[in-house]
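Just the heavy atoms: all of them, side chains too, but no hydrogens, waters or symmetry mates, feed the values below. Remember, it's a predicted structure, so these values are computed and weren't measured experimentally.
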Amino acid sequence: MLHVIATPIGNLGDLSPRAVAAFKAATLIACEDTRRTWQLLSHFEIPRPEMVSYRQGNEERLTARIVAAVQAGQDVALCSDGGYPGISDPGYRLIRTCAQAGVPYEVIPGASAVNVALLMSGLSTSSFTFRGFPPRGPGALRNWFAEDADKEHTLVCFESPFRIGATLAAALDVLGDREAAVCIELTKLHERVARGYLSDLVAAFKDATVKGEVALVIAGNNPKFRRPAPPPAP
């Protein structure tokens with residue numbers, strides 16, 4: 001069995017007993033960074049099995065090895081540095097291969113920066129779209145936001161702390177002044193969530209130094225989430 005394990009995005013207390021049991025049963029762990037995963041295993045006093053770094057660049061080569069291990073009767077654990085493997089992290093290729101080949105696997109739920117950010121934003125949860133990391137180029141970034149400009153769903157994405165100011169400015173320019181939230185270091189000691197209209201957040205983060213992982217949540221195209229027009233002058 002391949003065990004696809006969601007790991008904590010910050011607070012180690014979010015690792016479930018089921019995930020701990022799966023790690024203990026695994027004879028092979030495929031993880032994004034062996035050092036990070038070893039720290040997690042050490043915290044929970046889990047004996048270290050064989051570990052391989054499964055990351056962009058070696059996914060194709062290691063996928064065949066991992067599938068063969070499961071087919072040979074081994075329990076293999078797949079995890080990333082935090083959250084769900086395959087969600088803006090390595091893992092999709094392996095999961096897809098198992099699904100197509102009929103290789104048994106299970107997903108062990110846990111922390112997700114997407115869901116935590118959505119709920120911490122205070123914005124609508126009735127429908128939302130997660131789009132990973134936006135492109136870096138200014139033109140590509142504007143086009144990326146334009147794809148969702150007329151849609152009512154809440155938009156969730158990740159962003160580098162070094163680009164959040166530029167990304168907020170592009171969102172304001174394309175989407176208009178609607179509600180949003182910048183979620184920083186979710187579940188960690190220095191967790192911080194800045195909520196407001198995009199114009200307020202652009203001003204707040206224009207020259208700010210941001211440290212840590214960032215999730216951006218932006219309201220959909222709905223009048224109740226747009227900044228009200230100023231009253232007419234008397």
Side-chain angles (χ1 to χ4, degrees), residues 1-10 12 14-16 18-44 46-117 129-137 140-141 144 147 156-163 186 212-216:
M1 174 76 74
L2 173 68
H3 307 276
V4 181
I5 304 175
T7 52
I9 59 175
L12 294 180
D14 292 334
L15 190 71
S16 71
R18 183 181 169 197
V20 171
F23 275 128
K24 287 181 177 179
T27 56
L28 173 65
I29 296 178
C31 54
E32 191 173 1
D33 185 330
T34 56
R35 293 167 299 180
R36 289 278 296 271
T37 301
W38 175 231
Q39 290 173 356
L40 180 67
L41 299 180
S42 298
H43 179 82
F44 288 94
I46 300 171
R48 177 172 179 163
E50 181 183 3
M51 300 174 70
V52 294
S53 178
Y54 187 82
R55 60 188 187 280
Q56 186 178 6
N58 71 1
E59 287 180 273
E60 183 174 1
R61 175 173 57 84
L62 284 180
T63 290
R65 175 186 171 186
I66 294 167
V67 169
V70 176
Q71 291 175 325
Q74 288 186 259
D75 279 306
V76 180
L78 171 68
C79 66
S80 64
D81 288 346
Y84 284 79
I87 308 296
S88 287
D89 276 329
Y92 164 75
R93 185 189 294 271
L94 176 57
I95 294 167
R96 174 70 172 168
T97 299
C98 289
Q100 290 181 317
V103 175
Y105 69 91
E106 66 173 0
V107 178
I108 299 180
S112 166
V114 178
N115 294 337
V116 174
T129 294
F130 170 63
R131 298 196 62 196
F133 285 90
R136 298 187 181 187
L141 182 59
W144 190 83
E147 293 177 12
V156 185
C157 66
F158 296 153
E159 187 50 291
S160 161
F162 306 107
R163 294 193 297 271
L186 290 172
E213 298 178 345
V214 178
L216 174 61

Neighbour count above 12 (heavy atom, 6.0 Å) for R131 CZ
yes
Hey, are the side chains of V103 and Q71 touching, using non-hydrogen atoms and a 4.5 Å cut-off?
yes
Return the set of residues passing side-chain hydrogen bond (donor to acceptor under 3.5 Å, both in side chains) with S160 (not counting sequence neighbours), or none when no residue passes.
none
Could you pull out every donor-acceptor pair under 3.5 Å between side chains of residues 24-33 and any protein atom, sequence neighbours left out?
from, atom 1, to, atom 2, distance (Å)
T27, OG1, Q74, NE2, 2.7
T27, OG1, D75, O, 3.4
E32, OE1, D81, N, 3.1
D33, OD1, R35, N, 2.9
D33, OD1, R35, NE, 3.3
D33, OD2, R35, NH2, 3.4

How far apart are the closest heavy atoms of I5 and A22, and which atoms are they?
CD1-CB, 3.8 Å
Determine, step by step, whether Y105 and L78 satisfy the side-chain contact (heavy atoms from CB on, under 4.5 Å) criterion, reporting the C-alpha distance in whole Å, the side-chain angles of both residues, the deciding distance to 0.1 Å, and the verdict.
CA-CA 10 Å; Y105 69 91; L78 171 68; over 6 Å; no
CA sep, side-chain torsions, deciding dist, call: L41, M51, side-chain contact (heavy atoms from CB on, under 4.5 Å)
CA-CA 11 Å; L41 299 180; M51 300 174 70; 4.2 Å; yes
Nearest heavy-atom neighbours spanning L141 and P134
CD1-CB, 3.6 Å
Please step through side-chain contact (heavy atoms from CB on, under 4.5 Å) for the pair T37 and C79, ending with a clear verdict.
CA-CA 8 Å; T37 301; C79 66; 3.8 Å; yes
If you look only at pairs with a residue in residues 56-66, which of them pass as a side chain to side chain donor-acceptor pair (under 3.5 Å), with sequence neighbours excluded?
E50-R65, Y54-T63
Should F130 and I87 be marked as a side-chain contact (heavy atoms from CB on, under 4.5 Å) after you check the CA-CA gap, both sets of side-chain angles, and the distance that decides it?
CA-CA 10 Å; F130 170 63; I87 308 296; 3.6 Å; yes
To the nearest 0.5 Å, what is the distance between CG (L94) and CG (L62)?
9.5 Å
Kindly give the heavy-atom pair with the smallest separation between S16 and P109, and that separation in Å.
OG-O, 4.2 Å
Flag if over 12 foreign heavy atoms under 6.0 Å of CZ, R18:
yes
Within a radius of less than 6.0 Å around CZ of R96, do more than 12 heavy atoms belonging to other residues, nucleotides or ligands occur?
no
Is the CZ atom of F44 crowded by more than 12 outside heavy atoms at less than 6.0 Å?
yes
Could you check whether atom CZ of F162 has more than 12 heavy atoms from other residues, nucleotides or ligands sitting under 6.0 Å from it?
no
Ignoring hydrogens, what is the shortest heavy-atom contact between Y84 and I108? Give both atom names and the distance.
CE2-O, 4.5 Å
Identify the heavy atoms of G83 and I9 that sit nearest to each other, and give their distance.
N-CG2, 3.6 Å
